[in-house]
Amino acid sequence: MKQLTNIELAHLLRKVAAAYQILNENRFKIIAYDRAADSIEHLTSEVKDYWDDGKLGEIPGVGQGIASYLDELFRSGKVAHFDDLMKRIPARVFTLLLVPGLGPKKAYRLVTELKLGEKTVIADLEKAAKAGKIAPMEGFGEKSEADILVNLDTYKRGAIKENRMALSTADGIATEVMAFVKKGGAVEQIDRLGSLRRQVSTIGDIDLAVATTKPEQVTEHFVTYPHQKLVEKGPGGATLLLHNGRQVDMRVQHPKKYGAMLQYFTGSKNHNIKLREHGLARGLSLNEHGIKNVKTGKLTPYSTEEAFYKAVGLPWIPPELREDRGEIEAALNKKLPNLPDVSDIKGDLHMHTSYDLQSSHDVGRNVLSEHLDRAAELGYEYIGISDHNPSLAKHSATEIATIMKKRFAFYKSEEKKSKSGVHVFVMCEVDIMPDGKLALPKEAFEHVDAVVVSLHSSFTQDKKTVTDRILTAFAANPKVRIFGHPTGRLLGSREGVNADWPEVFAAAKKYDIALEINSSPQRLDLPDILVYDAVHVGVRFTIDTDSHGLESMDLMRYGVSVARRGWVQKGDIMNALGYTEFKKWLTK
DNA sequence: GCCGTTTTCGGCCCGACTGTTTTCAGTCG
């Protein structure tokens with residue numbers, strides 16, 4: 001049997017939830033299946049691995065019932081109960097669920113009452129809407145019929161496919177819009193909301209919040225920001241579709257109630273659910289306007305998030321942690337991590353200069369002295385230059401050693417000449433070849449202080465092969481100190497490798513190799529959820545920019561955001577160490 | 001169906017919006 005991925009399992013459980021909804025099952029049962037699906041989708045290990053270890057019950061939201069169905073699935077390839085269920089719901093109902101505005105109940109009624117065809121369900125629905133057959137149906141109407149046509153169009157354009165932008169892109173747009181909004185006056189405070197405030201690696205819409213006593217004035221000014229379409233405007237704010245196709249939603253709120261709104265719209269959904277459960281257990285009902293005492297019905301507004309969290313007996317929780325990964329429990333036990341700040345970073349170990357190392361990969365655009373001056377401006381004590389290794393195809397091992405020796409001498413003399421006061425580590429980013437061997441001959445290692453090893457090819461190897469490959473590389477040479485952009489993912493264009501991460505983390509710990517958190521907005525690799533797993537088994541990190549030009553040196557903050565989302569503390573970050581301590585670690 | 005600092009039974013997040021309603025159901029975030 002083809003092994004089911006977590007995404008496929010989540011999809012299956014969501015289908016079960018939808019089927020139950022159509023069949024008017026207990027709504028909490030439906031929620032339970034949806035929650036289990038959500039939980040499985042966000043796991044960093046395969047559900048199959050939990051099953052192998054007999055630990056299905058450890059997955060949050062998976063209890064005895066769902067665990068026994070999953071067990072049946074892994075044993076026999078199917079679940080009799082689910083199959084029975086699916087027999088009662090035509091498959092085309094699930095297709096319609098992809099149309100915005102259609103949930104299980106409406107989809108089911110449309111399919112059955114209009115007798116929509118299995119293969120032609122979308123076309124049939126469109127035909128029915130155009131023929132005016134939907135409006136007379138009970139619970140539907142003229143508006144519903146028109147909406148369905150609009151939403152079908154959205155569906156067909158594929159607009160509901162994930163179309164998320166890089167965090168840095170969203171950040172840039174937000175900064176610009178926020179400056180514009182401030183110029184309009186009456187802004188007491190302005191903040192990012194949602195995934196942007198939580199610094200998620202990819203962002204859908206840009207959400208902003210403004211505290212003001214003059215909401216109309218702020219909104220009227222906001223809607224004069226250059227746009228292609230005013231999507232919505234009301235007393236609570238407005239939404240604009242910008243010329244770049246991105247949507248910006250701005251909400252306005254009175255300063256007295258601002259804290260509750262900021263908390264509510266920062267999310268995440270799962271964090272808020274957990275927080276509201278926590279509040280309810282204390283007789284407090286939380287919403288976007290404030291906190292209601294369940295007994296008295298009295299609603300108290302909060303001007304700040306700090307006061308809002310305090311009211312439910314918790315310290316303020318940094319937005320990056322609000323993903324329901326144990327942050328509420330940690331807050332209760334006063335065990336919240338002390339998150340790092342970009343100012344804690346004392347050096348950048350992964351940069352490429354324009355020095356021609358005769359590599360098959362790309363070189364940088366600036367010379368070392370420029371990097372050193374910029375590093376001094378950023379307050380760094382040291383940098384590491386990790387140019388790509390010379391091409392193996394074009395040179396013999398001896399030639400490569402010579403090339404590397406010459407470079408080492410050049411960089412060292414440049415370091416001496418520089419007035420920046422910043423120290424240089426002469427490093428190298430070495431390819432991990434498909435068999436795990438390093439693409440730098442042994443004799444060349446004499447001419448580097450340390451190396452970063454990275455995957456740049458064969459990203460689709462199977463789990464065992466790629467895991468062995470990484471472990472082989474770790475053991476190849478004691479100068480291997482950093483594992484660069486570990487998964488190799490490129491956001492929106494390439495999946496990372498499918499390694500056995502717990503095994504990789506154990507090996508990193510064993511060899512004291514730091515995992516890189518690559519700050520490049522297209523990478524943000526190691527991904528935050530894997531950082532979270534790694535940090536909890538004691539792995540340490542470097543946060544680097546992988547700069548190929550000076551301007552990228554400013555992107556360090558995005559790597560720090562990933563670290564914060566992964567619960568990393570300053571002590572877990574090697575390049576938060578001062579020069580002497582760091583050198584001791586790097587060159588030991 | 002899940003789960004435990006009120007609970008192994010009896011709860012389960014909250015509100016906005018929409019359309020069709022005359023008190024609510026479905027969908028969404």
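Given the structure is predicted, the values throughout are model-derived calculations rather than measurements. Because only heavy atoms are used, hydrogens play no part in the values below, and waters and symmetry mates are left out as well, while side chains stay in.
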Self-check item: A/Lys143 side-chain proximity, nearest of B/dG1, B/dT6, B/dG19
Solution: B/dG19

Quiz item: If you measure from the P atom in B/dC14 to the same atom in B/dC9, how many Å do you get, rounded?
Solution: 25 Å

Quiz item: Who does B/dT8 pair with, Watson-Crick or G-U, both distances under 3.5 Å?
Solution: none

Quiz item: Tell me: CG of A/Leu299 to P of B/dC14, nearest whole Å?
Solution: 13 Å

Quiz item: Given B/dT18, is OP1 or OP2 found less than 4.0 Å from the side-chain N or O atoms of A/Ser144?
Solution: no

Quiz item: Quick one: A/Asp38 CG to B/dC13 P, roughly how many Å, whole number?
Solution: 14 Å

Quiz item: For A/Gly101 and A/Ala135, take the nucleotide of DNA chain B holding the closest heavy atom to each; which residue's nucleotide lies nearer the 5' end?
Solution: A/Ala135

Quiz item: Mapping A/Arg282 and A/Gly65 to their closest nucleotides on DNA chain B, which lands nearer the 5' end?
Solution: A/Gly65

Quiz item: Checking all strands, does A/Ile66 fall into the base, sugar-phosphate, or nothing category for heavy-atom contacts under 4.0 angstrom?
Solution: sugar-phosphate

Quiz item: Starting at NZ of A/Lys269 and ending at P of B/dT27, how long is that distance when rounded to a whole Å?
Solution: 14 Å

Quiz item: With respect to the side chain of A/Asp147, which nucleotide from B/dC12, B/dG1, B/dG19 is positioned closest?
Solution: B/dG19

Exercise. Looking only at non-hydrogen atoms, find the nearest pair between A/Leu242 and A/Pro226 and report the distance.
Key: CD2-O, 3.7 Å

Practice problem: Look at the side-chain N and O atoms of A/Ser285 and state whether any lies under 4.0 Å from the OP1 or OP2 oxygen of B/dC14. | Solution: yes

Quiz item: Just how far, in rounded Å, is C1' of B/dC28 from CG of A/Leu98?
Solution: 15 Å

Self-check item: Backbone N/O of A/Ala135 and side chain of A/Glu145: donor-acceptor pair under 3.5 Å
Solution: yes

Quiz item: Does CG in A/Asn26 sit with more than 12 non-hydrogen atoms of other residues, nucleotides or ligands closer than 6.0 Å?
Solution: yes

Practice problem: Using a 4.0 Å heavy-atom cut-off across all strands, classify A/Ala281 as base, sugar-phosphate, or nothing. | Solution: base

Practice problem: Would you kindly give the CG-to-P distance between A/Asn26 and B/dC12, to the nearest whole Å? | Solution: 12 Å

Quiz item: With sugar-phosphate meaning primed atoms plus P, OP1 and OP2, does A/Leu286 contact a base, only sugar-phosphate, or nothing at under 4.0 Å between heavy atoms?
Solution: sugar-phosphate

Quiz prompt | N/O donor-acceptor pair, side chain A/Tyr264 with base B/dG29, under 3.5 angstrom | solution = yes

Exercise. Kindly point out which of B/dG1, B/dG15, B/dT27 is positioned nearest to the side chain of A/Ala32?
Key: B/dG1

Quiz prompt | C1' spacing across the pair B/dT22 / B/dC13, given as an integer number of angstrom | solution = 28 Å

Quiz item: Within less than 4.0 Å of OP1 or OP2 of B/dG26, is there a side-chain N or O belonging to A/Lys105?
Solution: yes

Practice problem: Look at all strands and tell whether A/Tyr108 reaches a base, only sugar-phosphate, or nothing, counting heavy atoms closer than 4.0 Å. | Solution: nothing

Practice problem: From the options B/dC12, B/dG1, B/dT27, select the nucleotide whose nearest atom is closest to the side chain of A/Lys29. | Solution: B/dG1

Practice problem: To the nearest Å, give me how far apart CD1 (A/Ile59) and P (B/dG1) are. | Solution: 17 Å

Quiz prompt | Between B/dG29 (P) and A/Ile203 (CD1): distance, integer Å | solution = 16 Å

Exercise. Measure from CD on A/Glu232 to P on B/dT18 and round the result to the nearest Å.
Key: 7 Å

Exercise. Name the nucleic acid region contacted by A/Arg35, choosing base, sugar-phosphate or nothing; use a 4.0 angstrom heavy-atom cut-off, strictly under.
Key: sugar-phosphate

Self-check item: Euclidean distance for P, B/dT21 against B/dG26 (whole angstrom)
Solution: 13 Å

Quiz item: Does the side chain of A/Leu321 reach to within under 4.5 Å of the side chain of A/His271, using non-hydrogen atoms?
Solution: no

Quiz item: Rounding to the closest angstrom, what is the interatomic distance between B/dG15 and B/dT20 at atom P?
Solution: 25 Å

Exercise. Measure from the side chain of A/Glu288, starting at C-beta and using heavy atoms only, and say which of B/dC12, B/dA16, B/dG1 lies closest.
Key: B/dA16

Exercise. Take atom P in B/dG1 and the same atom in B/dT6, then report the distance between them in whole Å.
Key: 27 Å

Exercise. Compute the centroid of each ring, for A/Tyr532 and then for A/His536, and state whether the two points are separated by less than 6.0 Å.
Key: yes

Quiz item: Can you check whether A/Asn270 reaches A/Asp38 side chain to side chain, under 4.5 Å on heavy atoms?
Solution: yes

Self-check item: Candidate nucleotides B/dT27, B/dG1, B/dC14, ranked by approach to the side chain of A/Tyr33 - the nearest
Solution: B/dG1

Exercise. Determine: side-chain N/O of A/Asn287 to OP1/OP2 of B/dG15, distance under 4.0 Å, yes or no.
Key: yes

Self-check item: Flag side-chain contact, heavy atom, 4.5 Å: A/Pro527 against A/Asp525
Solution: yes

Quiz item: Which part of the nucleic acid, if any, lies within reach of A/Glu142 when heavy atoms closer than 4.0 Å are counted: base, sugar-phosphate only, or nothing?
Solution: sugar-phosphate

Quiz item: Does B/dA16 have OP1 or OP2 sitting under 4.0 Å from an N or O in the side chain of A/His289?
Solution: yes

